[in-house]
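Bear in mind that the values here come from a model prediction, so they are computed numbers and not experimental data. The analysis underlying the following values was restricted to heavy atoms, covering all of them including side chains, and did not include hydrogens, waters or symmetry mates.
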Amino acid sequence: MRYVMTVVLALLPLSLWAEVSGVYEIEGGQTMELSYKDGDHMRMSMPGGQFMLVNGDKTYMVRQQNGQWVAMDMAAMGQMMQQMRQQSGQQSPAQVEQGSGDVQFRDTGRTETIAGYEGSVYEVTSNDETQEVVLSDHEDIIALSQAWMEFAGKMTQQMGALNEQMEENLLSESDISNHGGMLRLSDDMRVKSVSNDSKGSDYYELPAGTKVQDMGNMMRGR
């Protein structure tokens, strides 16, 4: 998944003009769905019924536990993880994983149609790893890729998984603005369907009765 985020983060930002949702097939035949209403309302539904939610300046991991909806504040979780690393003397992920951010594309000359969208097949190399990626210039797929980038940006800000310099490196050193949005990443992830239908405002809110966990109590084992 980290490689997926690296490829998506490298895509040039474009303006989103409508709500968009994309269902993706991932390894094992499972699916996940990313839905975007605007920069403050995003949701990624994952296998097992859990989902990640961006609501304003808050980002949550939401799941059911004994029939009760439970949410974890990702910013609070990030702070807890940072405190645990500091106490143990470990380096942060940004210090450990930081690289040049250079992403190289090689056009294979082949095309592929996925979920009704035609795309060009590229070999993409990042951090000495090469995978086959299918990219499309269709506006729906471009919008989805922008949604991925905004969602990933929210996650990294909240969790502290990447620092600003790393994000700048990814965007400035990878001049790939003409390549388009991702339809397929190797055999790991492919677009199954795309929709511009509205999910409704409630879809981007915490379910009624959701209990937001106290991360301080979790650290104290309560």
Undergrad: Got a sec, which residues hit salt bridge (charged side-chain N to carboxylate O under 4.0 Å, His left out) with D187, two or more places apart in sequence or on another chain?
TA: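 Here no residue qualifies.
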Undergrad: Checking D202 now: which residues fulfil side chain to side chain contact (heavy atoms under 4.5 Å, CB included) with it, not counting sequence neighbours?
TA: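 Once residues adjacent in sequence are excluded, D202 has no partner under the side chain to side chain contact (heavy atoms under 4.5 Å, CB included) criterion.
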Undergrad: Step by step, would you call D40 with K154 a salt bridge (charged side-chain N to carboxylate O under 4.0 Å, His left out)?
TA: CA-CA 9 Å; D40 291 326; K154 288 280 188 177; 3.7 Å; yes
Undergrad: Quick one: do V62 and M72 end up in the same hydrophobic cluster if we chain Ile, Leu, Val, Met, Phe, Trp and Tyr together by side-chain heavy atoms under 4.5 Å apart?
TA: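 V62 and M72: separate clusters.
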Undergrad: Using side chain to side chain contact (heavy atoms under 4.5 Å, CB included) as the criterion, list what pairs up with E27, not counting sequence neighbours.
TA: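 With sequence neighbours excluded, E27 shows a side chain to side chain contact (heavy atoms under 4.5 Å, CB included) to D188, given in chain and number order.
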Undergrad: Would you check if R43 and S21 make a side-chain contact, meaning some heavy-atom pair closer than 4.5 Å?
TA: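 They are not in contact (no side-chain heavy atoms under 4.5 Å apart), so the answer is no.
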Undergrad: Checking the side chain of S145 only, and the main-chain atoms of I141 only, is there a donor and an acceptor separated by less than 3.5 Å?
TA: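 Answer holds: yes.
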Undergrad: Considering all heavy atoms of both residues, which atom of S136 and which atom of L183 are nearest to each other, and what is their separation?
TA: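 That closest heavy-atom pairing would be CB-CD1, 3.6 Å.
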Undergrad: If you measure from OG on S45 to CD on Q50, what distance do you get to the nearest 0.5 Å?
TA: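 Those atoms lie 10.0 Å apart.
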Undergrad: Heavy atoms only: give me the nearest L144-G22 pair and the separation to one decimal.
TA: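 Scanning both residues completely, I find the closest heavy atoms to be CD2-N, 3.5 Å.
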Undergrad: Answer yes or no: is there a side-chain heavy-atom contact under 4.5 Å between Q30 and E25?
TA: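 Side chain of Q30 against side chain of E25, heavy atoms only: no contact under 4.5 Å found.
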Undergrad: Which residues satisfy the side chain to side chain donor-acceptor pair (under 3.5 Å) test with D38, sequence neighbours excluded?
TA: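 Expected list: H41.
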Undergrad: Do Q65 and Q213 have side chains that approach each other closer than 4.5 Å (heavy atoms only, starting at C-beta)?
TA: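 Side-chain contact under 4.5 Å: yes.
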Undergrad: Go through the structure and list residues passing side chain to side chain donor-acceptor pair (under 3.5 Å) with S193, not counting sequence neighbours.
TA: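 For S193 there are no side chain to side chain donor-acceptor pair (under 3.5 Å) partners, ignoring immediate neighbours.
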Undergrad: Please check if Y117 and V134 belong to a single hydrophobic cluster, counting links between Ile, Leu, Val, Met, Phe, Trp and Tyr side chain heavy atoms closer than 4.5 Å.
TA: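 Result: yes, single cluster for both.
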Undergrad: Where is the tightest heavy-atom contact between Y203 and L53, given as atom of each residue plus distance?
TA: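 Answer, listing the atom of Y203 first, then L53: O-CD1, 4.1 Å.
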Undergrad: Check salt bridge (charged side-chain N to carboxylate O under 4.0 Å, His left out) between R106 and all other residues, then give those that pass, not counting sequence neighbours.
TA: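 Salt bridge (charged side-chain N to carboxylate O under 4.0 Å, His left out) list for R106, sorted by chain: E123.
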Undergrad: Output yes when a side-chain donor or acceptor of T125 lies under 3.5 Å from a complementary backbone atom of Q104, and no otherwise.
TA: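 Side chain of T125 to backbone of Q104, a donor-acceptor pair under 3.5 Å: no, none is there.
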Undergrad: Does V20 share a hydrophobic cluster with M32, counting links as ILVMFWY side-chain heavy atoms below 4.5 Å and allowing steps through other members?
TA: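 Yes; tracing contacts between hydrophobic side chains, which count when under 4.5 Å, links both residues.
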Undergrad: Once ring pair (Phe, Tyr, Trp, His ring centres under 6.0 Å) is applied, do any residues pair with F51, and if so which ones, sequence neighbours excluded?
TA: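 Once residues adjacent in sequence are excluded, the partners of F51 under the ring pair (Phe, Tyr, Trp, His ring centres under 6.0 Å) criterion are W69.
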Undergrad: How long is the straight-line distance from CD1 of I114 back to CE of M182, given to the nearest 0.5 Å?
TA: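 Answer rounded to 0.5 Å: 10.0 Å.
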Undergrad: For a side-chain hydrogen bond (donor to acceptor under 3.5 Å, both in side chains) check, start with the C-alpha distance between K37 and S201, then their side-chain angles and the critical distance, and finish with the verdict.
TA: CA-CA 9 Å; K37 181 180 180 182; S201 298; 3.2 Å; yes
Undergrad: Grab the two heavy atoms, one from D197 and one from S195, that are nearest each other, plus how far apart they are.
TA: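 Heavy atoms of D197 and S195 come nearest at N-OG, 3.0 Å.
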Undergrad: Kindly indicate whether the side chain of V54, heavy atoms from C-beta on, has any atom under 4.5 Å from the side chain of F151.
TA: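 A side-chain contact exists here, since the closest heavy-atom pair is under 4.5 Å.
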Undergrad: Take K58 and M74 through the side-chain contact (heavy atoms from CB on, under 4.5 Å) test and state the conclusion after the steps.
TA: CA-CA 8 Å; K58 291 288 187 178; M74 301 303 284; over 6 Å; no
Undergrad: Show your working on side-chain contact (heavy atoms from CB on, under 4.5 Å) between M44 and W148 and close with a plain yes or no.
TA: CA-CA 10 Å; M44 185 173 73; W148 267 108; 3.8 Å; yes
Undergrad: Among residues at least two apart in sequence or on other chains, which ones pass salt bridge (charged side-chain N to carboxylate O under 4.0 Å, His left out) with R184?
TA: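 For R184 the salt bridge (charged side-chain N to carboxylate O under 4.0 Å, His left out) partners, ignoring immediate neighbours, are E112, E132.
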Undergrad: Residues in side chain to side chain contact (heavy atoms under 4.5 Å, CB included) with Q68, at least two apart?
TA: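 With neighbours one apart ignored, the set is V70, K211.
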Undergrad: Under 3.5 Å, side chain of S120 to main-chain N/O of L135, donor-acceptor pair present?
TA: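 Not at all, since once roles are kept as given, no pair shorter than 3.5 Å links the two residues.
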Undergrad: Under 4.5 Å between side-chain heavy atoms, hopping through other hydrophobics if needed: is there a path connecting I26 to L185?
TA: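 Yes.
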Undergrad: According to ring pair (Phe, Tyr, Trp, His ring centres under 6.0 Å), who are the partners of Y60, at least two apart in sequence or on a separate chain?
TA: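 Y60 satisfies ring pair (Phe, Tyr, Trp, His ring centres under 6.0 Å) with no residue once adjacent residues are dropped.
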Undergrad: Within the distance-only criterion (no hydrogens, no angle test), does the side chain of N196 pair as donor or acceptor with the backbone N or O of E19 below 3.5 angstrom?
TA: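 Indeed, once roles are kept as given, a pair shorter than 3.5 Å links the two residues.
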Undergrad: If Ile, Leu, Val, Met, Phe, Trp and Tyr residues are connected whenever their side-chain heavy atoms lie under 4.5 Å apart, and connections chain through other members, are V194 and Y24 in the same group?
TA: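 Same cluster.
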Undergrad: So, using ring pair (Phe, Tyr, Trp, His ring centres under 6.0 Å) as the criterion, who are the partners of Y204 when residues are at least two apart?
TA: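 Y204 satisfies ring pair (Phe, Tyr, Trp, His ring centres under 6.0 Å) with no residue once adjacent residues are dropped.
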Undergrad: Write down the atom of A71, the atom of L206, and the distance for their closest heavy-atom approach.
TA: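 Result for this residue pair: CB-CD2, 3.9 Å.
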Undergrad: Taking only residues two or more places apart in sequence, or in another chain, which ones meet E33 in a salt bridge (charged side-chain N to carboxylate O under 4.0 Å, His left out)?
TA: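 Checked E33 against salt bridge (charged side-chain N to carboxylate O under 4.0 Å, His left out); matches are K199.
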Undergrad: Quick one: CE on M189 to OG1 on T31, what's the gap to the nearest 0.5 Å?
TA: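 It comes to 11.0 Å.
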